[in-house]
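Quick notes on the structure that follows.
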Amino acid sequence: MLRLALALSGVLGLAACGGTPRYEYPRSAFNGRLQCAPYARSKTGVALSGSAYRWWSEAAGRYRRTRSPAAGEILVFRSTGRLPDGHVSIVRRVVASREILVEHANWEPGRIDRGVPVVDVSPENDWSLVRVYWTPIHTLGRRNYPTYGFIVPRGLDDVAALDMESANGESGESLQDARRRAM
């Protein structure tokens with residue numbers, strides 16, 4: 001009986017070592033030096049500050065706001081329990097009426113990701129609810145995230161700069177391409 005217990009504990013111990021990959025991060029992991037709002041500000045030149053979700057109200061009267069994505073615009077995520085400060089992403093390309101590719105910082109702690117698929121899952125097709133590609137699982141994440149919409153930076157130079165980066169090999173892939181690559 002003692003041998004069986006020891007053998008079983010050894011097998012269970014080995015199974016724990018090779019356990020499933022970790023896809024959740026503690027909230028503190030997102031409090032590092034790299035943050036989405038300063039990153040988006042540096043890439044787009046918008047004069048907005050503070051928590052990402054506050055950008056929407058701060059942009060009122062200063063920048064055009066829209067519900068339709070275009071390259072160079074900033075997608076603003078609402079504050080939620082999982083995103084207490086909200087989130088901002090820069091649209092790099094419109095793939096289809098309900099799919100865009102974005103560039104953003106700190107969606108995964110400490111990382112800058114480019115060419116990330118984001119899909120509109122809102123019932124009204126108005127980009128008020130989205131799902132974001134999650135690199136660790138090579139597909140869209142399970143959660144829906146509410147958004148306000150898109151802030152349009154003042155100058156077209158911002159869009160041109162993003163287009164130049166895309167031409168230099170930093171362009172992303174569609175969700176379909178990302179899924180094919182992951183297989």
Side-chain angles (χ1 to χ4, degrees), residues 12-40 42-44 52-53 67-150 162-183:
L12 291 175
L14 288 174
C17 290
T20 59
R22 182 180 176 153
Y23 299 133
E24 298 290 330
Y25 295 95
R27 193 173 303 239
S28 62
F30 294 92
N31 295 332
R33 294 179 58 164
L34 182 64
Q35 295 294 309
C36 64
Y39 180 78
S42 74
K43 297 295 282 183
T44 63
Y53 77 93
R67 288 283 190 180
S68 302
E73 294 178 350
I74 303 162
L75 175 59
V76 182
F77 291 69
R78 293 176 180 265
S79 173
T80 66
R82 293 195 73 73
L83 298 173
D85 293 321
H87 185 73
V88 287
S89 298
I90 305 161
V91 178
R92 293 186 60 88
R93 183 163 60 104
V94 176
V95 176
S97 65
R98 297 193 80 174
E99 183 181 351
I100 58 176
L101 299 179
V102 301
E103 172 179 339
H104 56 190
N106 215 34
W107 188 257
E108 195 172 336
R111 288 180 48 128
I112 295 170
D113 294 300
R114 294 178 178 91
V116 178
V118 176
V119 175
D120 174 23
V121 294
S122 64
E124 302 297 320
N125 300 337
D126 63 1
W127 288 90
S128 61
L129 195 64
V130 300
R131 290 178 69 198
V132 181
Y133 186 85
W134 185 234
T135 304
I137 61 173
H138 304 292
T139 192
L140 287 175
R142 301 185 320 249
R143 293 180 179 85
N144 295 334
Y145 292 95
T147 68
Y148 288 106
F150 302 89
L162 286 171
D163 287 342
M164 287 300 293
E165 287 178 20
S166 293
N168 290 329
E170 292 185 313
S171 63
E173 57 190 349
S174 70
L175 180 57
Q176 189 175 23
D177 292 338
R179 283 183 178 146
R180 262 191 243 119
R181 184 177 42 79
M183 295 176 138

Under 3.5 Å, side chain of [X] to main-chain N/O of [Y], donor-acceptor pair present?
X     : Y      : answer
Arg92 : Leu101 : no
Glu99 : Ala96  : no
Ser79 : Tyr53  : no

Approximate separation, where rounding is to 0.5 Å, of [X] [atom1] and [Y] [atom2]:
X      : Y      : atom1 : atom2 : result
Arg93  : Arg114 : CZ    : CZ    : 15.5 Å
Thr135 : Asp113 : OG1   : CG    : 5.0 Å
Asp85  : Cys36  : CG    : SG    : 8.0 Å

So which heavy atom on Gly149 is nearest to which on Arg67, and how close? N-NH1, 4.2 Å
Can you give me the closest heavy-atom contact between Gly141 and Ile137, atom names plus distance? CA-CD1, 4.4 Å
side-chain contact (heavy atoms from CB on, under 4.5 Å) for Ile90 and Val102? Distances and angles first, verdict last. CA-CA 5 Å; Ile90 305 161; Val102 301; 6.0 Å; no
Apply side-chain contact (heavy atoms from CB on, under 4.5 Å) to Ser122 and Arg98, showing your working. CA-CA 9 Å; Ser122 64; Arg98 297 193 80 174; 4.1 Å; yes
Is any side-chain heavy atom of [X] closer than 4.5 Å to a side-chain heavy atom of [Y]?
X      : Y      : result
Val132 : Val116 : yes
Arg142 : Trp134 : no
Tyr145 : Leu83  : yes
Trp127 : Pro69  : yes
Ile112 : Leu34  : yes
Asp120 : Asn125 : yes
Ser89  : Glu103 : no
Ile74  : Phe150 : no

Taking the six-membered ring for Trp and the full ring for Phe, Tyr or His, determine whether the centres of Phe77 and Trp107 are under 6.0 Å apart. yes
For Asn106 and Arg111, does a side-chain donor sit closer than 3.5 Å to a side-chain acceptor? no
With side-chain contact (heavy atoms from CB on, under 4.5 Å) as the test, would you mind laying out the steps for Arg143 and Arg131 before giving the verdict? CA-CA 6 Å; Arg143 293 180 179 85; Arg131 290 178 69 198; over 6 Å; no
Apply side-chain contact (heavy atoms from CB on, under 4.5 Å) to the pair Leu129 and Thr147, showing each step before the final yes or no. CA-CA 6 Å; Leu129 195 64; Thr147 68; over 6 Å; no
